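Structure first, then comments.
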Number of protein chains: 2
Amino acid sequence: MELSASMERFVLHWGEMGTRWGVNRSVAQIHALLYLSPNPLPAEEIAEILGIARSNVSTSLKELQSWKLVRLSHALGDRRDHFTTETDLWQLLLTIVEERKQREIDPTLAVLRQCVDEAEDDPHTPKEVKRRMTRMLDFMETLTTWYRQMVRLPKGTLVALMKMGGKVAKLVS
Amino acid sequence: MELSASMERFVLHWGEMGTRWGVNRSVAQIHALLYLSPNPLPAEEIAEILGIARSNVSTSLKELQSWKLVRLSHALGDRRDHFTTETDLWQLLLTIVEERKQREIDPTLAVLRQCVDEAEDDPHTPKEVKRRMTRMLDFMETLTTWYRQMVRLPKGTLVALMKMGGKVAKLVS
DNA sequence: CCATTGTTTCCGTTATTTCTGAATAGAAGA
DNA sequence: TCTTCTATTCAGAAATAACGGAAACAATGG
């Protein structure tokens, strides 16, 4: 496959965005390419299209697989692995959020609990500081509780709720 | 100010999290420190506490100010600038989201529109690819529309909605 | 088995980012 | 005006991350 101008723009921009969110450029580019590609691509071809080393593609695909963003597939009569990514963007979003939660939010909650516990009866930590740590913990717990409930809803409900936008506010009043 | 063990843990972890989200370690550490600090801190003191160069603190504070996460303040009889950060975490979240939207989402939408336009009558871009670009654009527009409506609600309403959790789903059925 | 094809790992190189210390600029007070 | 205190800028050093190529490894088919 040869990239058209707009495909190239898409892929390059995605790579750029990746770096701003803590994902390296190659990884993000590969993800973008797979998202656009109508058919699964073998690593070799990804390397060619993006002009990066085959080994780099291998590493990046492993990374993407660890994020559950890329799946393996095979074509008849072809020994090579082919790769695809989720094309349902709602599902994609949920996967990314879930994965980041597990990798970053959960450990952060653990650290916060540890901080709050440790500070509890430590005379070196000012009262106000304890209060702020506790507030941060509570805040993040509120958000994750909300997240857990939202993620459990059927996807259709979720989409419908979002499309309602501000109208949900009526519920509160 | 001297950091207690739990304060140090908090600050270090925050720094670590920063790097995972595209914010550099010093910037995130300074933000964490200011969040904990009961009173505004001068740059000099921040440098001492965190053990980083004064110049680095200056740069990082500028960065934080550009994100609207840090404000300047002054103490009587002290020529030095002092710095504080938002302690209302809802407000903090909104600020970060708004800023990232402006810096990353809006430009991405622009690029996506450009991609879709350009691909429109370009024979080199397969039909399916066009469809996927369009789907991405629609998806991100749906999310930002939702965001714009949510952010307009009074903070109390927002909090209340979130605390309701999955119960809002009743609205849909 | 062996040859071939495909994949991953490893390590040195390159590129990028972050950080520091020195120099500079700017304010405030004497 | 001169001095002192504070803040910023900047060039290079240090640290980190990304990348490529070679070699090792694994799987398949003959």
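Just so it is clear: chains get the letters A, B, ... in the order the sequence lines come, proteins before strands, and each one is counted from 1. Quantities reported herein were computed from a predicted structural model and do not represent experimental measurements.
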Whichever of B:T59 and B:T19 has its nearest DNA chain D nucleotide further upstream toward 5': B:T59

Flag, side chain of B:R135 to backbone of A:T87, donor-acceptor distance under 3.5 Å: yes

Base, sugar-phosphate, or nothing: which does B:N56 touch, judged by heavy atoms less than 4.0 Å apart? base

Measure from CG on A:L61 to C1' on D:dA18 and round the result to the nearest Å. 16 Å

Of A:Q65 and B:N24, the one whose closest nucleotide on DNA chain C sits nearer the 5' end is A:Q65

Quickly work out the A:H74 NE2 to D:dA27 C1' distance and round it to whole Å. 11 Å

Check the phosphate of C:dT7 against A:S58, side-chain N and O only, distance under 4.0 Å to OP1 or OP2. Yes or no? no

To the nearest angstrom, the NZ-P distance between B:K62 and D:dT9 comes to 7 Å

Once hydrogens and angles are ignored, does a donor-acceptor distance under 3.5 Å link the base of C:dT5 to the side chain of A:R79? yes

Expressed as a whole number of angstroms, how long is the span from A:R25:CZ to D:dC19:P? 7 Å

Might you point out which heavy atoms bring A:T85 and A:L34 nearest each other, and give the distance in Å? CG2-C, 3.5 Å

What integer distance in Å separates A:E63:CD from D:dA18:C1'? 12 Å

Please report the interatomic distance CZ(B:R113) to OG1(B:T108), rounded to the nearest 0.5 Å. 10.5 Å

Backbone of A:E120 reached by a side-chain donor or acceptor of A:K130 within 3.5 Å: yes

Nearest-Å distance, CZ (A:F83) to P (C:dG6)? 13 Å

Nearest to the side chain of A:S26, which nucleotide is it out of C:dG6, D:dC19, D:dG21? D:dC19

Find the distance B:R54:CZ to C:dA22:C1' and express it as a whole number of Å. 14 Å

Nucleotide nearest A:S55 (side chain, heavy atoms from C-beta), chosen from C:dT7, C:dT20, C:dT9: C:dT9

Separation of A:H82 atom NE2 from C:dT5 atom C1', in whole Å? 14 Å

Would you give the length of the straight line joining atom NE2 of B:H124 to atom CD of A:E8, rounded to the nearest 0.5 angstrom? 13.0 Å

To the side chain of A:I52, which of C:dT7, D:dG20, C:dT20 is closest? D:dG20

